Amino acid sequence: MTTLGLIGSGNIGGTLARLAVAAGIDVVLSNSRGPETLADLVAELGERARAATPAEAAAAGDIVVVTVPLKAYRQVPVEPLVGKVVIDTNNYYPGRDGEIGELEAGGVTSSELLQRHLPRSRVVKAFNNIFFKHLATLARPAGAADRTALPIAGDDTEAKKAAAELINALGYDTVDIGALADSWRTQPDTPVYGTPYGAAEPFFEHEGAPVDAATIRKLVDSAER
Ligand SMILES: NC(=O)c1ccc[n+]([C@@H]2O[C@H](COP(=O)([O-])OP(=O)(O)OC[C@H]3O[C@@H](n4cnc5c(N)ncnc54)[C@H](OP(=O)(O)O)[C@@H]3O)[C@@H](O)[C@H]2O)c1
């Protein structure tokens with residue numbers, strides 16, 4: 001993979017961009033306010049980074065990450081993502097996103113909503129269960145004894161393989177937890193959400209607890225509806 005597209009360049013998008021550039025991957029960043037508002041981040045990231053509109057970032061990415069407040073998911077451009085692997089980091093917080101009836105009813109996951117919005121893309125859920133600061137501090141090279149694992153979910157096996165390769169390059173092992181319908185197991189308030197990697201507050205630099213794949217599997221399996 002040569003280029004990662006980012007729709008959303010905030011806490012998670014910015015962190016993923018830094019990890020990608022460190023791994024030698026080009027990034028195209030985007031947000032809601034326009035490329036010029038990303039000038040500082042682009043300058044920090046250097047020549048592997050540029051900013052664009054969401055549609056341009058979607059078109060440029062070999063893999064594209066959607067990392068926006070969930071309430072904005074219907075604004076994600078559809079056509080430029082056709083046929084692509086789309087990584088979904090999003091979580092549903094009704095206080096921020098407003099109540100979404102289908103999610104309140106519990107019969108569907110937020111990633112399935114994104115997949116419905118992008119019917120010809122291949123959505124993979126990842127990065128949603130780790131605090132962005134831990135995402136930065138826990139990345140390790142492949143084979144490191146203290147490498148951390150992240151759960152992934154998706155309906156397309158090849159897409160999950162491609163996402164896992166990217167995540168490996170960014171510094172993490174992966175645990176395949178099944179289909180998008182299974183991704184409720186990593187949503188907010190489940191055992192694998194956030195806390196296994198450390199407390200969000202207070203946060204100390206370089207903090208974070210490595211969590212191996214077997215532990216992630218156990219935590220995911222212990223989730224209850
Ligand atoms: N923060 C975490 O530690 C964490 C961890 C795991 C998962 N998540 C989830 O990941 C998602 C992103 O979280 P975050 O903390 O990175 O959020 P954030 O810091 O608020 O950043 C959100 C980004 O999305 C952009 N955006 C908003 N609406 C958009 C639109 N219609 N089109 C394109 N870009 C748009 C924002 O751009 P503007 O600033 O220009 O509006 C901003 O760059 C959320 O669903 C969150 O629940 C967060």
Side-chain angles (χ1 to χ4, degrees), residues 4-17 27-32 53-130 132 135 150-164 166-167 170 174 176-190 192-194 220 223 225:
L4 182 67
L6 289 146
I7 299 178
S9 301
N11 292 323
I12 288 284
T15 303
L16 290 175
V27 298
V28 181
L29 303 153
S30 70
N31 65 6
S32 76
T53 65
E56 287 164 347
D62 299 301
I63 294 181
V64 177
V65 181
V66 172
T67 182
V68 299
L70 186 66
K71 65 181 171 199
Y73 85 89
R74 286 190 194 83
Q75 290 157 31
V76 172
V78 177
E79 284 309 314
L81 291 173
V82 168
K84 295 199 181 188
V85 175
V86 173
I87 297 183
D88 168 28
T89 81
N90 302 329
N91 289 308
Y92 174 48
Y93 281 103
R96 176 194 65 192
D97 299 313
E99 286 199 1
I100 300 176
E102 282 174 292
L103 297 179
E104 291 295 321
V108 71
T109 62
S110 60
S111 289
E112 288 175 287
L113 294 187
L114 182 66
Q115 180 68 78
R116 276 189 212 164
H117 174 69
L118 303 171
R120 289 184 289 157
S121 305
R122 295 172 291 158
V123 173
V124 178
K125 184 82 169 190
F127 300 117
N128 70 298
N129 72 314
I130 184 167
F132 75 100
L135 183 60
L150 299 171
I152 62 171
D155 297 343
D156 183 301
T157 303
E158 287 303 310
K160 281 194 278 195
K161 199 172 154 212
L166 169 67
I167 294 166
L170 299 187
T174 48
D176 184 347
I177 67 154
L180 293 179
D182 301 311
S183 64
W184 64 268
R185 291 178 174 279
T186 73
Q187 286 179 172
D189 300 327
T190 59
V192 82
Y193 190 78
V220 167
R225 283 218 197 245

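On a predicted model such as this, the values are computed, not experimentally measured, just so you know. What you see below is based on every heavy atom in this structure, not just the backbone, and it leaves out hydrogens, waters and symmetry mates. Positions are given from 1 along the sequence.
- Rounded to the nearest 0.5 angstrom, Leu103 CG and Trp184 CH2 are separated by 15.0 Å.
- Side chain to side chain, Ser110 and Lys125 meet the donor-acceptor criterion of an N or O pair below 3.5 Å.
- Asp62 pairs by the side chain to side chain donor-acceptor pair (under 3.5 Å) definition with Thr2, not counting sequence neighbours.
- Between Thr109 and Glu112, the side chains place a donor N or O and an acceptor N or O closer than 3.5 Å (distance only, hydrogens not considered).
- For the pair Lys84 (side chain) and Ala58 (backbone), a donor-acceptor distance under 3.5 Å is present.
- To the nearest 0.5 Å, the span separating CD1 on Ile152 from CG on Leu180 amounts to 11.0 Å.
- Taking CZ of Phe127 as the start and OG1 of Thr174 as the end, the distance is 9.5 Å to the nearest 0.5 Å.
- In terms of modelled atom types and a separation under 3.5 Å, the side chain of Asn129 and the main chain of Val192 share a donor-acceptor contact.
- Each of Glu104, Gln187, Glu99 was checked for a side chain to side chain donor-acceptor pair (under 3.5 Å) with Tyr92, and the lone residue meeting it is Glu104.
- Remark: the backbone N or O of Asn128 is paired with a side-chain donor or acceptor of Asn91 at under 3.5 angstrom.
- Rounded to the nearest 0.5 angstrom, Leu135 CG and Ile12 CD1 are separated by 5.0 Å.
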Using distance only, find each side-chain donor-acceptor pair of residues 65-81 under 3.5 Å and give its atom names and separation, not counting sequence neighbours.
from	atom 1	to	atom 2	distance (Å)
Thr67	OG1	Thr89	OG1	2.8
Lys71	NZ	Arg96	O	3.4
Glu79	OE2	Arg120	NH2	3.2

